[in-house]
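One structure is given here, and the rest of the page talks about it.
Here is how names work: the chains are called A, B, and so on, in the same order as the sequence lines, proteins then strands, and each is numbered from 1.
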Amino acid sequence: MTLTKEQAAEYLLQMYQIRAFEEQAEKSYMAGKIHGTMHLSIGQEASAVGSISTLEPDDFIIGHHRGHGLTIAKGADLNLMMAEFYGKENGYCRGRGGSMHIADVKGGNLGANGVVGGGIPMAVGIGIGLKMEAKDQVLLSFFGDGAASTGAFHESMILAELFQVPVVFICENNQYAMSFAASDWTTSKKIAAHGELYGLASTSTDGNDLIAVREAVQKGVDLARSGGGPSLVVNDTYRWRGHSKSDRNRYRTKEEIEEWKKKDPIGRFHDYCLKEKLLTEKEAEEIEDRAYADIEAARVFAEASPDPSVDTLEEGVYAP
Amino acid sequence: MTLTKEQAAEYLLQMYQIRAFEEQAEKSYMAGKIHGTMHLSIGQEASAVGSISTLEPDDFIIGHHRGHGLTIAKGADLNLMMAEFYGKENGYCRGRGGSMHIADVKGGNLGANGVVGGGIPMAVGIGIGLKMEAKDQVLLSFFGDGAASTGAFHESMILAELFQVPVVFICENNQYAMSFAASDWTTSKKIAAHGELYGLASTSTDGNDLIAVREAVQKGVDLARSGGGPSLVVNDTYRWRGHSKSDRNRYRTKEEIEEWKKKDPIGRFHDYCLKEKLLTEKEAEEIEDRAYADIEAARVFAEASPDPSVDTLEEGVYAP
Amino acid sequence: MREITYLEAVREAMTQEMERDSRVFLIGEDIGEYGGAFQVSYGMLEKFGHERILDTPITELGLTGAATGAALIGMRPIAEIMFMDFTTLASEQLVNQAAKLRFMFGGQSTVPLVLRTPAGSGTGAAEHHSQSFENWFVHVPGLKVVMPSTPYDVKGLLISSIRDNNPVVFIEHKLLYKTKGEVPEEMYEIPLGKADIKRQGKDLTIIATAIMVKKSLEAAEQLAQEGIDVEVVDPRTLRPLDTESIVNSVKKTGKVLIVHEAVKTGGFGGELAAVIAESEAFGYLEAPILRLAGREVPIPYNRNLESAAVPQVEDIIVKARELANLKV
Amino acid sequence: MREITYLEAVREAMTQEMERDSRVFLIGEDIGEYGGAFQVSYGMLEKFGHERILDTPITELGLTGAATGAALIGMRPIAEIMFMDFTTLASEQLVNQAAKLRFMFGGQSTVPLVLRTPAGSGTGAAEHHSQSFENWFVHVPGLKVVMPSTPYDVKGLLISSIRDNNPVVFIEHKLLYKTKGEVPEEMYEIPLGKADIKRQGKDLTIIATAIMVKKSLEAAEQLAQEGIDVEVVDPRTLRPLDTESIVNSVKKTGKVLIVHEAVKTGGFGGELAAVIAESEAFGYLEAPILRLAGREVPIPYNRNLESAAVPQVEDIIVKARELANLKV
Ligand SMILES: Cc1ncc(C[n+]2csc(CCOP(=O)(O)OP(=O)(O)O)c2C)c(N)n1
Ligand SMILES: Cc1ncc(C[n+]2csc(CCOP(=O)(O)OP(=O)(O)O)c2C)c(N)n1
Ligand SMILES: [Mg+2]
Ligand SMILES: [Mg+2]
């Protein structure tokens, strides 16, 4: 499954865009332009881009609270996404959802979620609907290692297998649920083992290696599309930043963080592309520059965008 | 682990008492003396008596909706139990709980439960409490195969292992959750496999063989008492009666029921006792007669007992 | 006109909508071969097959979320929670997800979901199979809450609920399942948000829900013989609430008694009382606004205690008589 | 007297009770090294160790049930649900088990459990981290519900809650965590079920909960300059409710405005209005009973929308002024 130059350029661009978006998000927050909290996915770019690179445009994803990367990988308009992050009226959710609830329904992104495990049961139902309508679309359902401890995960795996839904469940195991170390109750291997017991074809991958992620998820996507039912992929990765703005990183060491930074998914894919002659040094630099320029443009767009009018508060609670 | 004559006599008596209680419960219901519903455990006597025979008097159990057998095996006063079943003021729960909520707290029976899976999370906490107080008591937590599909089960197994609670979780797999066949989503072996993955020592047994159940549960009890943490035992068994009074048995065949009746746990233990010369034919008959006489006496007691006075309705909602 | 039971009306509405719209399906526990704990969906598996009658293991949270997800992409699921007591396990997906997805996404989505569940006591099933939580869901913007009292209302309201583009909590009462009434064979809608005056009267208004409508009508007949003329208003939909019909009735009679089965404290009766007390009807009140509702206890098993725990016809008569004779 | 924050008052009450009673322990998510999402339990792990500070994975139902089970055998657990929005996942164990075990068992058991959880909006955390469900739990016999508004009340009420032999839902407000007030260093109890008149006044009564007490007091100061003398009543405990204090205040002023953050429809304000409208205070009412509460929307992310979704000081002033000038 070798990549074309176009693919290489596209995936590297998306990864840089994610990195740049998260860095900008943090800056904007520090500058007091954003209220609320946010969950940054710096360090997890390969999991998002590698997984979603296997989809057709009309396929679906449903995400979790750490969803910026997933949203970009699914092809979101960066301006509308940044505007939503800023809570502006022309953002994807008219400023109602913000960081934890960005959705791009037309683009097949059925939304981030503020409730850990909250998206997993819905993923089963989306799969049921796709199957009933005999659509050949598939869904990627993303959640974290912490979500795997919830009852929602257990019930959903049982239902997914029972109804043989066309869904690939993707556990982004970044080693911690806030301060709770995945290793304290389970490991990514164990999550895959649970998946196997539920009856799902399950594997775990080096989640910082875009190629490895892509290959693992592609298997699941092919299985789902060919009527083979659900599968589970565990991407082992790491978040460089704290869990959220309330995090004081008391539960992990600087050394551990540094160790993982050496496995930077962008650096690795960058080097791979050069090694495989998919990109030149210069092309890669241009891509990086473009990514940061795109995000800067998005920031300008977002900051110039209007806040929702308070008169519209009650709009959109009920559908006609 | 051979039995003494006294043990054999006691266990056979309890199994007959359970059978007799359930038959009486059904009669009383048919006669219109009971309202509500009930869940009979005829066919599951070995699981209840075999499991609980491993406990010391001051150990605990927490049960489920199909709990009559567990209650008798834990040494309940049959009169107070039958009175509760009849909803009388002198029943264990003053007629407030009835069939689905019989508890004998002094006797270490922390109650049946109307919510499937409802007792499992509490079992973890009871274990936490016993451990904190450095008591050497242990708890048996009973639930059905259907309960194993609930999120409550998943979360509880994770917490039980994390806190290394002195609890033996006992899944009474009677093959169905109402009409839902265990085999449709899992098997008793699979439930044990899940247990292993959670980190619990797990086994499944012929739940209609009192000796086999007793040996499996004894291992778990010894482990818990010696600080070795939680374990899981799956007792494969079968309920002869419908799920409850609303059941029309559309989901299973007469043949299947007949097949399982051949594995009658009482008959098997009866024959074992004779074969092992633990009891004579005559002694066994006397035991059976005594069991039915005990239940008849309990019925008379219950029917002669007073209903709660409506003036006392609001008593016991809050503790002083 | 043809008479069928409240239970048959539920089944008929679901069946006719499933015949009309292939996006409608059922999901729940033991709703297939078993026919549902109350036999509501009995026979539907034969008619629609396993593709559209989705029998699940015990997974209240999972199946409610599955229904929500299916609705999110345009299906029209009807989820059954076997007893309302178990909506406590499903409420995360119902309250945080189904109710909020549309608003949270800035109007990008709709969630045409119906969650059916039987509430109420009187079956001797005790604390865990007898509760009424309607006011929990009335408290959640994004949800609609329907609570029918007659077979006719069941059919029209359930059809409207299935066709509605929002999540609807449809609450049935177990003791009403066997009650009979005239129901047209053809399909019809009763708009959500319209109350129904079940009995015209001039002396006082009783606002009642579900089985309390039936009991209030019986009470009203007996009170009529004492010369007390009671109007009985059935909101039918609790959210959105038909405030106008309620306010008008109270303005007419000047006295109001609110009757529901759910526990009094924190219940829907409080909302009704507040709606009246803050409305123009306040100026017309000739007496305090009285509530008669479930006692402050879990539902006990014993038959006598169980019936004492919720309002009975006699209780309604006594309270209404007291109110009728009140002079302020 | 020494001043500490509302948050420190929570921590001090828990710490002192844990020092006094070895049966008291904490269980929740990220309450150990992390110190809790709001740092409420920060430092307690060092003091009490992993034996008594039980950090759990994400298992709201499981940890709430675990706390319930521990309480059932005589421990006195304090469970933390990180955000009240997630009590939707815990409510089965809280509502069906903890609240009912004693009654269901005919009085054989007690369940001395405290479930602490932060409610409310204003932090920009949007739909899933901002809700206020107090009236759900007020609706459940067997539970007590406490909602403090000051550091002083927090300490006394939390100590009472921990010592109470019943399950108590202790609801904190995120925006109050940093507010300061005088709090004695020694331990003291404030009885559950006693309201507190936070401000004496004669023209009208405002009944407010949690952060709305603070806002109402600010509003009252400004209204005083207009010559409107407002009495502010803080129930502090919602279940059991101190009806007497409320009724007396309304009898004195003849006018009442109810203010809470939770969504208006189906909220606790309905219960308060009903309690007043059915009481002897009814005869003293000079105007309709008004409610000012959360709008009928999920809590949105955008800062302006978020603050428009719940009552602000200015809204209270406007509404109270309108009420003061009302003549019926
Ligand atoms: C049901 C629920 N419980 C608790 C939280 C608070 N919380 C937000 S994110 C998080 C950790 C989630 O861990 P994981 O699933 O591994 O995702 P990660 O943050 O590591 O990407 C927690 C506990 C929540 N949002 N939802
Ligand atoms: C949470 C919940 N969902 C549904 C029910 C209705 N119900 C009562 S018993 C039962 C089947 C339970 O199956 P299992 O756990 O195998 O126990 P069994 O009845 O077979 O002994 C169901 C679905 C319930 N009581 N609780
Ligand atoms: Mg994680
Ligand atoms: Mg079973």
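Across all non-hydrogen atoms, the minimal contact from E278(D) to I289(C) is CB-O, 3.1 Å.
Residues in residues 60-69 of chain D take part in no side-chain hydrogen bond (donor to acceptor under 3.5 Å, both in side chains) pair, two or more places apart or across chains.
With chain D as the partner, the residue from A274(C), A281(C), G294(C), G269(C) showing the most heavy-atom pairs under 4.5 Å is A274(C). Counting heavy-atom pairs closer than 4.5 Å to chain D, the top residue among E92(C), Q93(C), R291(C), E296(C) is R291(C). Between chain C and the residues G267(D), A273(D), S279(D), the most heavy-atom pairs under 4.5 angstrom are made by G267(D).
Residues of residues 95-107 of chain C placed with any heavy atom under 4.5 Å of a heavy atom in chain D are listed by number as V95(C), N96(C), Q97(C), K100(C), F103(C), M104(C). Identified by a heavy-atom distance below 4.5 Å to chain C, the contributing residues of residues 121-140 of chain D are E127(D), H128(D), Q131(D), S132(D), F133(D), N135(D), W136(D), V138(D), H139(D), V140(D), in residue-number order. Annotation: residues 251-261 of chain D contacts chain C through no residue [non-hydrogen atoms, separation under 4.5 Å].
Using modelled atom types, one side-chain atom of E271(C) and one backbone atom of G266(D) make a donor-acceptor pair closer than 3.5 Å. Side-chain atoms of T88(C) do not come within 3.5 Å of backbone N or O of S91(D) as any donor-acceptor pair.
Using a 4.5 Å heavy-atom cutoff, the side chains of L61(C) and L89(D) are in contact.
Taking a 6.0 Å sphere around CD of E322(D), one finds it holds more than 12 heavy atoms contributed by other residues, nucleotides or ligands.
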